Amino acid sequence: MAARFHNIVVLTGAGVSAASGLPTYRGAGGVWEKHNVETFGTIEGFRRAPDKGWQLFGSLRPMIEAAQPNAAHIALAQFESSLSPQVRFLVTTQNVDGLHQRAGSRNVAELHGRIMRSRCDAGCGQPALDDSDVYVDEVPKCPSCGGLWRPDIVLFNEITDVEATWRTKRALRDVELFVAVGTSGNVSPASSFVRWARDMGARTVLVNAEPARDEEAFHERLYGKAEVVLPRFLESLA
């Protein structure tokens, strides 16, 4: 059945990584319950109190570094590998954990960046660097200009990564199958992707533990844990 589709886009959210031991943001036990994300997770809050911002995001790094891809990540990577070269396939993710790449996915657009990298907030031209330091005792400085050093992620009140967003929108222009996995559909611009896909005539499928905000836009809704439901769905396309 997968041969019917020549352009496939899969949008993933925090629910995909829950089985890897990583908390969601808004769910029970999520990041928002433990940290003042609404204050220090914004770009304004981070710049005003970077020590508090690093306490928030730095504390996530050891957990993310120790996490391993689960069955949902692996199923996506294996599905991509099974496709013919003529099929265009993109995983566009709101996650910042890098687990899709570690599972073997090749075509990944990271809308919100990656937390295991850091970059200069001043935009001096210093490339983003792999970085696992939690910076508990200090606010780090850019090695090139001495400006504020920050996680290479999109904070609240910032736009999504320009290149990742462009790649996603380009893929959505011709999408034939759109699958949203493990996302509540509350964060823009990803929340609008299903409508774009449906307008393009794509088959739209939701795989999620609970109903999403705009679930009426999906032709099919499959409820359950991503690591259980997604592999079964992808197998049905073989």
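All values derive from a computational prediction rather than experimental measurement.
Linking Ile, Leu, Val, Met, Phe, Trp and Tyr whenever their side-chain heavy atoms come within less than 4.5 Å puts L234 and L83 in one cluster. Hydrophobic clustering (ILVMFWY, side-chain heavy atoms < 4.5 Å, transitive): V9 and V181 are in distinct clusters. I74 and V207 fall into different hydrophobic clusters, where Ile, Leu, Val, Met, Phe, Trp and Tyr are joined by side-chain heavy atoms under 4.5 Å apart, directly or via other members. In the hydrophobic clustering of ILVMFWY residues, with side-chain heavy atoms under 4.5 Å counting as a link, L111 and I115 come out apart. At a threshold of 4.5 Å between side-chain heavy atoms, the hydrophobic network of Ile, Leu, Val, Met, Phe, Trp and Tyr places F193 and W166 in two separate groups.
T204 pairs with exactly one of R195, H219, E215 by the side-chain hydrogen bond (donor to acceptor under 3.5 Å, both in side chains) rule, that one being H219. The only option from D152, D97, D130 that meets the salt bridge (charged side-chain N to carboxylate O under 4.0 Å, His left out) definition with R117 turns out to be D152. No option in V162, D161, T92, N107 other than N107 meets the side-chain contact (heavy atoms from CB on, under 4.5 Å) test with R167.
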Could you walk me through whether I43 and R150 pass the side-chain contact (heavy atoms from CB on, under 4.5 Å) test, one step at a time?
CA-CA 10 Å; I43 181 58; R150 56 168 287 179; 3.6 Å; yes
Mind running side-chain contact (heavy atoms from CB on, under 4.5 Å) on F178 and V194 for me, showing each step along the way?
CA-CA 7 Å; F178 175 83; V194 63; 3.7 Å; yes
Could you please spell out the steps behind the side-chain contact (heavy atoms from CB on, under 4.5 Å) verdict for V229 and Y223?
CA-CA 8 Å; V229 178; Y223 297 118; over 6 Å; no
Worked check of side-chain contact (heavy atoms from CB on, under 4.5 Å) between L222 and R232
CA-CA 10 Å; L222 308 174; R232 292 175 181 170; over 6 Å; no
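Taking CG of L230 as the reference point, atom CG of N208 lies at 11.5 Å (rounded to 0.5 Å). How far NE2 of H100 is from CZ of R114: 11.0 Å, rounded to the nearest 0.5 Å. With rounding to the nearest 0.5 Å, the separation of CG in L177 from NE2 in H6 is 12.5 Å. We find the CG-CZ distance between L206 and R221 to be 8.0 Å, quoted to the nearest 0.5 Å. The CG atom of L148 sits 7.5 Å away from the SG atom of C120 when rounded to the nearest 0.5 Å. With values rounded to the nearest 0.5 angstrom, E176 atom CD is found 12.0 Å from M200 atom CE.
Taking 4.5 Å as the limit, every side-chain heavy atom of L129 sits out of range of all side-chain heavy atoms of R119. Counting heavy atoms from C-beta outward, V134 and P62 have side chains that approach closer than 4.5 Å. Side-chain contact check for Q126 versus C145: every heavy-atom pair is 4.5 Å or farther apart.
For R213, the CZ atom sits in a packed shell: over 12 heavy atoms of surrounding residues, nucleotides or ligands are nearer than 6.0 Å. Around the CD atom of E158, the shell of radius 6.0 Å holds more than 12 heavy atoms that belong to other residues, nucleotides or ligands.
Heavy-atom minimum distance, I159 versus V154: O-CG1, 3.3 Å. When every heavy atom of T183 is checked against every heavy atom of A212, the shortest pair comes out as O-CB, 4.1 Å. Heavy atoms only, all atoms of each residue included: N70 and S20 are closest at ND2-OG, 3.0 Å. The shortest heavy-atom contact between W54 and W149 is NE1-O, 3.0 Å. Taking both residues in full, the closest heavy atoms of A164 and T168 are given as O-OG1, 2.8 Å, listed atom of the first, atom of the second, then distance. Nearest approach of E80 to R106, heavy atoms of both residues: OE1-N, 3.0 Å.
With hydrogens and angles left out, the side-chain atoms of R61 and S118 include a donor and acceptor closer than 3.5 Å.
Taking the six-membered ring for Trp and thresholds of 30 and 60 degrees, F57 and F46 have ring planes inclined between 30 and 60 degrees apart.
Applying the side-chain contact (heavy atoms from CB on, under 4.5 Å) criterion to M63, with sequence neighbours excluded, gives L22, P23, L60.
A salt bridge links R203 with E220: the distance from a Lys NZ or Arg NE/NH1/NH2 to an Asp or Glu carboxylate oxygen falls below 4.0 Å.
Distance alone, capped at 3.5 Å, is enough to place a donor-acceptor pair between the R102 side chain and the A67 backbone. Judged by distance alone, the side chain of D131 and the main-chain N or O of D133 form a donor-acceptor pair under 3.5 Å.
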